[in-house]
Amino acid sequence: MMTHLDNLESKSIHILREAYNRFGNLCMLWSIGKDSTVLLALARKAFFGHVPFPLVHIDTHYKIPEMIEYRDRLAREWKLDMVYGENADALEQKKTFPDGNCTRIECCKNLKTEALRCTLSGEWPRYRMNHDTGLYERDENIEPYTGVILGIRADEEGSRSKERYFSPRDKNNDWDIGDQPPEFWGQYKTDFKPGTHIRIHPLLDWTELDVWEYIRRENVPVVPLYFNQGDGKRYRSLGCWPCTSPVESEAGNIDEIIEELKTGKFANIAERSGREQDKEDGGGLEELRKDGYM
């Protein structure tokens with residue numbers, strides 16, 4: 001008899017395989033957080049231990065250092081085709097919130113939205129890990145990624161609840177929320193006109209609790225920042241350090257996080273409550289996502 005997690009896993013693996021079968025020049029975005037790492041684990045299971053497309057990370061240079069250390073360690077251990085992109089001009093010109101030159105939302109647009117769009121299109125440099133040296137080198141491949149797999153969940157944040165498993169964007173990655181294909185009774189559209197940029201969301205039906213129970217069942221490695229290190233705090237959602245705050249929690253391991261979620265401690269507290277850019281102005285995050293933000 002299949003369990004709830006078995007059903008979720010089966011559907012996600014089906015979507016991953018369907019995406020690989022249907023779309024050329026595919027990549028997967030890896031934010032280094034728990035959701036995209038579960039997605040990475042599912043991809044390894046779907047393709048028998050091998051991930052047949054690049055993992056792309058948008059490096060804002062403001063990630064918590066442990067996140068980047070974890071990214072590179074796992075990329076080496078799992079032999080991932082690891083690529084990162086960045087907005088070098090914005091960083092050089094200090095067009096960032098930590099430098100005091102723009103709002104949090106504007107900073108996200110510069111360092112995430114624009115960097116993502118231009119990394120996917122190949123307009124800006126990409127850097128690929130050389131597994132012989134363990135270092136990143138300028139990637140010679142500048143072909144656009146036309147299909148992108150992401151680890152977003154519908155329950156995580158309001159604008160994400162409007163997504164589809166297979167979500168078309170225009171050539172600039174812009175998202176027209178009012179013009180999305182219907183997905184009823186587990187059916188979805190995968191035939192799109194040439195030139196359509198496709199976002200694929202295999203975790204759309206998963207919840208925060210599902211993710212942690214799957215991490216426990218499959219022994220998926222996650223960043224230790226998710227656990228209380230003895231100061232009564234842990235991160236529930238990870239982002240850039242100037243805009244991400246930990247929550248009050250004594251949970252020091254996966255079992256304790258699961259128990260904490262089951263007790264309803266965070267029932268009335270948004271999962272991204274520690275992400276300051278979400279609070280900056282009404283609808284700001286949805287506007288970012290319309291422009292291509294993850």
Side-chain angles (χ1 to χ4, degrees), residues 1-21 26 28-53 55 70 74 77-78 80 148-158 160-167 183-188 190 199-228 234-238 247 249 251-272 294:
M1 181 178 177
M2 291 185 71
T3 66
H4 174 63
L5 282 183
D6 290 334
N7 285 322
L8 287 173
E9 177 189 71
S10 178
K11 186 168 188 176
S12 296
I13 285 176
H14 169 70
I15 290 170
L16 283 164
R17 289 173 174 167
E18 186 73 5
Y20 185 63
N21 178 54
L26 200 60
M28 178 185 289
L29 293 184
W30 187 25
S31 70
I32 317 171
K34 64 186 186 305
D35 299 333
S36 59
T37 303
V38 161
L39 184 60
L40 173 55
L42 286 162
R44 294 182 81 224
K45 182 171 281 195
F47 300 104
F48 309 101
H50 169 65
V51 181
F53 30 74
L55 274 292
Y70 163 85
L74 204 61
E77 289 177 5
W78 286 1
L80 303 171
V148 184
I149 304 169
L150 303 94
I152 71 167
R153 305 187 338 261
D155 77 323
E156 184 184 6
E157 178 271 324
R160 288 169 167 83
S161 67
K162 302 173 185 179
E163 283 285 11
R164 302 290 190 266
Y165 299 117
F166 293 89
S167 176
E183 292 181 337
F184 300 125
W185 307 294
Q187 304 298 309
Y188 37 77
T190 57
R199 298 286 178 92
I200 301 115
H201 306 115
L203 297 186
L204 208 55
D205 290 335
W206 293 55
T207 67
E208 183 182 9
L209 179 59
D210 294 331
V211 166
W212 280 111
E213 289 187 327
Y214 193 78
I215 288 169
R216 177 171 66 182
R217 190 182 85 170
E218 300 294 316
N219 196 28
V220 178
V222 293
V223 185
L225 294 165
Y226 283 115
F227 308 119
N228 170 31
R234 69 175 184 86
Y235 287 90
R236 193 175 168 205
S237 179
L238 292 173
V247 296
S249 171
N253 56 52
I254 296 171
D255 288 339
E256 290 174 356
I257 288 177
I258 290 171
E259 183 59 29
E260 192 174 63
L261 292 172
K262 285 183 173 180
T263 63
K265 174 178 177 177
F266 296 116
N268 298 314
I269 303 173
E271 185 176 348
R272 289 173 60 96
M294 292 179 282

Rounded distance (nearest 0.5 Å) linking atom CH2 of Trp30 with atom CG of Leu74: 4.5 Å
Of all heavy-atom pairs linking Lys11 and Asp205, the shortest is NZ-OD2, 3.4 Å
Side chain proximity check, Ile257 to Phe227, heavy atoms < 4.5 angstrom: yes
Do Trp206 and Asp155 have side-chain heavy atoms sitting under 4.5 Å apart? no
Could you state the interatomic distance from CG (Leu8) to CE (Met2), rounded to the nearest 0.5 Å? 9.0 Å
Distance, nearest 0.5 Å, that separates OH of Tyr165 from CG of Leu203: 11.0 Å
For Tyr20, I'd like to know if atom OH has over 12 heavy atoms of other residues, nucleotides or ligands within 6.0 Å. no
Decide yes or no for Phe266 and Glu208: does some side-chain heavy atom of the first lie under 4.5 Å from some side-chain heavy atom of the second? no
Taking Glu260 first and then Arg236, would you say they form a salt bridge - that is, a charged N and a carboxylate O separated by under 4.0 Å? no
Would you mind reporting whether His4 and Glu213 have side-chain heavy atoms less than 4.5 Å apart? no
What is the minimum heavy-atom distance between Gly151 and Leu39, and which atoms define it? N-CD2, 3.5 Å
Would Met28 and Leu16 count as a side chain to side chain contact (heavy atoms under 4.5 Å, CB included) here? Give the steps. CA-CA 10 Å; Met28 178 185 289; Leu16 283 164; 4.0 Å; yes
Spell out, as yes or no, whether a donor-acceptor pair under 3.5 Å connects the side chain of Asn21 to the backbone of Glu18. no
Do Trp78 and Val51 have side chains that get closer than 4.5 Å, going by heavy atoms? no
Glu271 and Lys34 ion-paired at < 4.0 Å: yes
Minimum heavy-atom separation for Arg234 to Asn228, with atom names? CB-N, 3.6 Å
So, for Ser12 and Pro202, which heavy atoms are closest and what is the spacing to 0.1 Å? OG-O, 2.7 Å
Under the 3.5 angstrom rule, does the side chain of Arg17 hit a backbone N or O of Ala46 as a donor-acceptor pair? yes
Using side-chain heavy atoms (C-beta onward) and a distance below 4.5 Å, is Leu204 in contact with Ile15? no
On a heavy-atom basis, the closest approach of Tyr214 and Leu5 is N-CD1, 4.0 Å
Would you say Thr37 and Tyr70 make side-chain contact, with heavy atoms under 4.5 Å? yes
Distance check, rounded to the nearest 0.5 Å: Leu80 atom CG versus Arg44 atom CZ? 7.0 Å
Derivation of the side chain to side chain donor-acceptor pair (under 3.5 Å) call for Asn7 and Ser10: CA-CA 5 Å; Asn7 285 322; Ser10 178; over 6 Å; no
Do Lys265 and Ser249 have side chains that approach each other closer than 4.5 Å (heavy atoms only, starting at C-beta)? yes
Check the side chains of Asp6 and Thr3 for a donor-acceptor pair under 3.5 angstrom, ignoring hydrogens and angles. yes
Quick one: CD1 on Ile149 to NE2 on His201, what's the gap to the nearest 0.5 Å? 10.5 Å
Calculate, to the nearest 0.5 Å, the distance between atoms CD and CG belonging to Glu256 and Asn253 respectively. 4.0 Å
